[in-house]
Amino acid sequence: MMAKAKFQRPKGTADLYEDNSYLWQQVEAQARRVFARYGYGEIRTPIFESFDLFARSAGDTSDVVTKEMYDFEDKGDRHMALRPEGTAGVVRAYVENKLFGPEHGQPYKTYYMGPMFRYERPQAGRFRQFHQIGVEAFGSTAPSLDVEVITMVVKYLDSLGLKNLKVALNTLGDAEARAAYRQALIDYLKPYQDQLSADSQTRLEKNPLRVLDSKDPKDQDIVQAAPTIFDYLSDASRAHFEAVQAGLSALNIDYVIDDRMVRGLDYYNDTIFEVMTQDPSLKGAATIAGGGRYAGLVEEFGGPATPGIGFAIGVERLVALLQAEGQADRQAAPVDFYLVQVDDQVANQALVLATALRDMGYVVDLDYSGKSVKAQFKAANKKNAHYVLTLGDQEVQSGQANVKDLRSGSEQPVALAEIAQQMPAVLQQLAAEETAK
Ligand code: HAM
């Protein structure tokens with residue numbers, strides 16, 4: 001006989017079930033509701049794409065591309081990768097399906113949710129398979145679109161009951177401003193080169209803006225007096241950034257300007273933003289969402305020059321924050337009815353009854369293993385069932401059973417043959433008794 005094998009889930013992944021998967025469903029359903037109000041429809045794109053798609057969009061010096069890709073050769077020798085983020089695939093789909101056509105309505109506003117993959121060192125709030133709820137809007141450079149996108153993520157997080165959030169805002173200007181700023185940063189940092197952390201020394205040449213983002217305290221000291229992008233902005237970028245701020249203020253969306261903020265992916269220009277929690281329990285994973293504008297991606301993938309803007313929320317971090325802030329205590333999937341069977345002679349009638357109630361839209365559970373009546377009541381309580389219907393010989397004979405409200409203890413009879421017609425009135429009567437108590 002072969003030895004038994006024991007498997008564990010891969011490092012940096014999670015299994016979600018029961019209360020957790022229920023909470024995830026709520027978080028996702030609320031995103032669908034809120035985004036729909038703003039005119040966003042869902043897009044679903046493949047979980048793997050050509051490696052080059054990500055290399056060309058995220059930037060070939062970014063950590064995501066150089067260190068964290070789950071890439072592989074498929075059986076046809078194609079270089080593929082599991083998606084590390086959602087934007088590149090959505091842009092590819094926008095171009096490939098010609099969603100830029102006027103018949104699709106512009107700006108084209110869409111959202112997505114699903115797993116992303118980055119080979120990172122697993123730690124609190126950092127996983128190898130994680131999930132994003134993301135949004136992209138194409139076809140408008142209007143600052144009001146930036147304002148709407150930022151407002152939407154804030155309103156969504158607010159609607160889940162989250163507090164202590166901070167919106168950090170910055171601009172990266174246009175390509176020209178960034179090139180000039182990049183040189184200014186190199187000139188400023190060069191004299192300190194030997195004192196910078198090893199990571200920052202490499203970044204200094206390849207992507208000096210990322211040095212601003214270093215978590216190393218010594219790097220942070222050096223960076224403090226570095227020039228800022230604001231000195232290099234074109235008039236158009238400056239006006240855009242001011243209009244975004246004015247719009248957010250008009251909507252009473254709080255934000256702070258953080259001129260040291262950069263993003264880990266290279267495709268951004270002008271407005272960038274992050275939503276962070278100030279809750280200390282999420283230390284190291286405080287960034288719940290991040291995003292910004294990108295100008296070149298649609299054209300780079302073969303479409304007409306079209307600007308885009310979007311963000312993505314890290315769902316694991318969002319859920320951890322909901323739990324830390326006590327916003328996750330909501331009851332897992334509620335059970336309306338538990339059917340208690342007095343003996344196993346009524347098993348078939350119980351199933352008929354359960355199915356009739358389910359057809360009416362109620363959530364119904366029952367026992368399948370011949371447990372005692374007492375144990376079945378215990379199970380009903382454990383599942384937090386609202387009502388119990390007890391079914392025995394006597395009920396089957398008389399064609400009538402009692403609906404018991406476990407919250408108030410009140411009972412009301414119902415005719416089994418008329419259950420669909422009578423149940424709404426029976427429940428109304430029980431609710432009235434519950435409020436009277
Ligand atoms: P990002 O900043 O790389 O942006 O990721 C967005 C969010 O995903 C982060 O703020 C974080 O909450 C979550 N996240 C990232 N990596 C991990 C991880 N290893 N484990 C857990 N959570 C993680 C993007 O991905 C862009 N595509 C956002 C965007 C859309 N920009 C424009 N449109």
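Bear in mind that the values here come from a model prediction, so they are computed numbers and not experimental data. Both counts, for ligands and for their atoms, begin at 1 and track the order of listing. All heavy atoms count here, side chains included; hydrogens, waters and symmetry mates do not.
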Practice problem: Indicate the ring-plane relationship of Tyr94 and Tyr108, choosing parallel, tilted or perpendicular according to the 30° and 60° boundaries. | Solution: tilted
Practice problem: Describe, in one word, how the ring planes of Phe51 and His79 are oriented to each other, choosing from parallel (under 30°), tilted (30 to 60°) and perpendicular (over 60°). | Solution: parallel
Below 3.5 Å, N or O to N or O, backbone or side chain included: is there any such pair between [X] and ligand 1?
{"X": "Tyr294", "result": "no"}
{"X": "Gly291", "result": "no"}
{"X": "Glu120", "result": "yes"}
{"X": "Thr287", "result": "yes"}
{"X": "Phe127", "result": "yes"}
{"X": "Arg118", "result": "yes"}

Starting from [atom], find the nearest protein heavy-atom neighbour and note its residue, name and distance.
{"atom": "atom 7 (C) of ligand 1", "result": "Ala312 O, 3.6 Å"}
{"atom": "atom 33 (N) of ligand 1", "result": "Glu136 OE1, 2.8 Å"}
{"atom": "atom 31 (N) of ligand 1", "result": "Tyr268 OH, 2.6 Å"}
{"atom": "atom 23 (C) of ligand 1", "result": "Phe130 CD1, 3.4 Å"}
{"atom": "atom 1 (P) of ligand 1", "result": "Arg263 NH2, 3.5 Å"}
{"atom": "atom 27 (N) of ligand 1", "result": "Glu85 OE1, 2.5 Å"}

Quiz item: For residues Tyr267 and Thr87, is any side-chain donor paired with an opposing acceptor at under 3.5 Å?
Solution: yes
Quiz item: Taking atom types as modelled, is there a side-chain donor on Gln183 or Asp187 under 3.5 Å from an acceptor on the other?
Solution: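 Short answer, yes.
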SB check [X] [Y] (cutoff 4.0 Å):
{"X": "Arg78", "Y": "Glu49", "answer": "no"}
{"X": "Lys67", "Y": "Asp63", "answer": "yes"}
{"X": "Arg260", "Y": "Asp213", "answer": "no"}

Quiz item: Is the shortest heavy-atom distance from the side chain of Leu162 to the side chain of Leu157 under 4.5 Å?
Solution: yes
Exercise. Would you indicate whether the side-chain heavy atoms of Gln132 and Ile313 approach each other to under 4.5 Å?
Key: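 No, their side chains stay 4.5 Å or more apart.
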Quiz item: Under the side chain to side chain contact (heavy atoms under 4.5 Å, CB included) criterion, do Val135 and Met152 qualify, and how do the steps go?
Solution: CA-CA 10 Å; Val135 151; Met152 186 166 83; 3.6 Å; yes
Exercise. Report yes if the distance between the aromatic ring centroids of Tyr111 and Tyr40 is under 6.0 Å, otherwise no.
Key: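 No: the rings miss the under 6.0 Å criterion.
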Practice problem: Kindly determine whether Ile222 and Val211 satisfy side chain to side chain contact (heavy atoms under 4.5 Å, CB included), including the steps that lead there. | Solution: CA-CA 10 Å; Ile222 294 170; Val211 177; over 6 Å; no
Examine the proximity of ligand 1 to [X] and report which part, side chain or backbone, both or neither, has a heavy atom under 4.0 Å away.
{"X": "Phe311", "value": "backbone"}
{"X": "Gln132", "value": "side chain"}
{"X": "Glu274", "value": "neither"}
{"X": "Pro84", "value": "neither"}
{"X": "Tyr267", "value": "side chain"}
{"X": "Leu265", "value": "side chain"}

Practice problem: Evaluate the criterion side chain to side chain contact (heavy atoms under 4.5 Å, CB included) for residue pair Val34 and Gln30; output intermediate values, then yes/no. | Solution: CA-CA 6 Å; Val34 173; Gln30 182 64 2; 3.6 Å; yes
Exercise. State the atoms of ligand 1, each with its element, that fall below the 4.0 Å cut-off from a heavy-atom position in Thr87.
Key: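 This gives 26 (C), 27 (N), 29 (C), 30 (C), 31 (N), 32 (C), 33 (N) as the contact atoms.
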Exercise. Please could you name the atoms of ligand 1 that Arg126 approaches to less than 4.0 Å, counting only its heavy atoms?
Key: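 Ligand 1 atoms under the 4.0 Å threshold to Arg126: 19 (N), 20 (N).
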Quiz item: Are any of the heavy atoms in Ala289 under 4.0 Å away from ligand 1?
Solution: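 It does; at least one heavy atom falls under 4.0 Å.
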Quiz item: For ligand 1, is Arg128 a contact, meaning one of its heavy atoms is under 4.0 Å away?
Solution: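 For ligand 1, residue contact (heavy atoms, under 4.0 Å) with Arg128 is absent.
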Practice problem: Measure from the side-chain N and O atoms of Thr287 to the backbone N and O of Ala289, and report whether any donor-acceptor pair falls under 3.5 Å. | Solution: no
Quiz item: Just going by heavy-atom distances, which of Ala58, Gly125, Gly314 is nearest to atom 21 (C) of ligand 1?
Solution: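 Answer by nearest heavy atom: Gly125.
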